[in-house]
Enquirer: 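Take a look at the following structure, please.
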Amino acid sequence: LGRPEATGYGLCYFAKEMLKTYFKTDFKGKKVIISGSGKVGSMALKKVVELGATVVGMSDINGYVADQNGLNADEIIELAKTKGEFVKDYVAKHPNVQHSDCSRDLWNVPCEIAMPCATQGEINLENAKQLKKNGCYMLAEGANMPCDLEAIRFFNENEVLFSPGKASNAGGVAVSGLEMSQNAMHLSWTFEEVDEKLKGIMKNIFKQCHETAVKFGQPRNLALGANIAGFLKVYDAMLAQGVC
């Protein structure tokens with residue numbers, strides 16, 4: 001229980017800590033765009049709306065839709081669950097919604113928070129500049145390496161708070177670990193128990209990234225914090241085993 005939701009929910013829990021720590025706020029009233037309608041994107045959509053945000057743009061493989069008044073999250077989730085995509089059917093039901101056949105055009109939609117959850121390399125330097133221009137001040141990766149290196153460099157140099165997928169999308173692997181623990185102990189936790197453990201795990205991952213970034217003099221560089229914290233964890237384990 002909780003594994004299908006884990007990566008998308010975990011992403012939102014990590015992003016919630018980013019908002020709390022750096023901006024002294026939460027998701028309530030924030031305008032968010034999300035790419036991808038698979039398990040990560042759909043579950044991020046569900047959770048971020050539960051946390052009070054308005055999702056103003058979302059994409060699938062066929063393009064994107066956007067509405068500054070907010071998209072119908074329940075409708076998108078149901079369409080994506082049934083067909084694996086939603087844009088064409090959503091546009092058919094809402095012909096006045098802003099849309100395009102190019103998924104990458106999603107990054108032109110004004111927002112405060114962006115969550116790329118589709119695929120590797122979906123955000124380049126040009127997209128990064130457009131996001132900044134249109135008001136985006138925070139980006140949390142849900143996919144594996146959706147932002148290229150030039151885009152990441154631009155975010156870090158232009159006050160767009162960035163979290164790397166190696167940290168912010170770790171919820172899926174974490175809950176797989178919880179599943180292994182349940183099997184080993186012959187236990188079956190409720191969805192609520194798994195979700196509560198996931199919240200704690202993502203909060204701790206963020207804390208490690210943030211505290212390490214602060215320690216090494218770059219408090220807003222969560223990628224640096226994640227890299228160093230990960231390296232030190234492996235180093236300490238090897239040291240304890242006498243390997244180095």
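Computed from a predicted structure; not experimentally measured.
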Enquirer: Can you list the residues that meet the side chain to side chain contact (heavy atoms under 4.5 Å, CB included) rule with Thr25, with sequence neighbours excluded?
Expert: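 Applying side chain to side chain contact (heavy atoms under 4.5 Å, CB included) to Thr25 gives Leu19, Phe23, Lys30.
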Enquirer: Who pairs with Lys199 by salt bridge (Lys or Arg N to Asp or Glu O under 4.0 Å), at least two apart in sequence or on another chain?
Expert: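 Here the qualifying residues are Glu196.
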Enquirer: With Phe86, which of Val65, Leu71, Asn62 fulfils side chain to side chain contact (heavy atoms under 4.5 Å, CB included)?
Expert: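 It is Val65; the other options fail the test.
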Enquirer: Would you confirm whether Gln182, through its side chain, and Trp189, through its main-chain N or O, come within 3.5 Å as a donor-acceptor pair?
Expert: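 Indeed, once roles are kept as given, a pair shorter than 3.5 Å links the two residues.
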Enquirer: Is atom CG of Leu149 surrounded by more than 12 heavy atoms (other residues, nucleotides or ligands) closer than 6.0 Å?
Expert: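 For Leu149, atom CG is not crowded (no more than 12 foreign heavy atoms under 6.0 Å).
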Enquirer: Is it true that, when you exclude Met185 itself, more than 12 heavy atoms of the residues, nucleotides or ligands shown sit nearer than 6.0 Å to its CE?
Expert: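 Correct, the count exceeds 12.
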Enquirer: Could you verify whether a donor N or O on one side chain and an acceptor N or O on the other, from Asn108 and Tyr64, lie under 3.5 Å apart?
Expert: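 No, Tyr64 and Asn108 have no side-chain donor paired with an acceptor closer than 3.5 Å.
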Enquirer: Please find the pair of heavy atoms, one from Ala114 and one from Leu131, that lie closest to each other, and give the distance.
Expert: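 Scanning both residues completely, I find the closest heavy atoms to be CB-CD2, 4.2 Å.
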Enquirer: Less than 4.0 angstrom from a charged side-chain N to a carboxylate O is my criterion; do Glu78 and Lys81 meet it?
Expert: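 So Glu78 pairs with Lys81 through a salt bridge.
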Enquirer: Using 4.0 Å as the upper bound for N to carboxylate O, is an ion pair formed by Glu159 and Arg220?
Expert: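 Looking at Arg220 and Glu159, the cut-off is met.
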Enquirer: Among Val32, Asp74, Ile34, whose side chain to side chain contact (heavy atoms under 4.5 Å, CB included) with Leu45 holds?
Expert: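 Of the listed residues Val32, Asp74, Ile34, the side chain to side chain contact (heavy atoms under 4.5 Å, CB included) partner of Leu45 is Ile34.
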Enquirer: Quick one about His94 and Glu75 (side-chain donor to acceptor, distance below 3.5 Å, no hydrogens or angles considered), yes or no?
Expert: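 Note: Glu75 and His94 side chains meet the donor-acceptor criterion.
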Enquirer: Going by atom types only, do Lys166 and Asn227 share a side-chain donor-acceptor pair under 3.5 Å?
Expert: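 Yes, Asn227 and Lys166 have a side-chain donor paired with an acceptor closer than 3.5 Å.
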Enquirer: Between side-chain atoms of residues 48-57 and protein atoms elsewhere (two or more places apart, or another chain), which donor-acceptor pairs fall under 3.5 Å?
Expert:
residue: Glu50; atom: OE1; partner: Lys47; partner atom: NZ; Å: 2.8

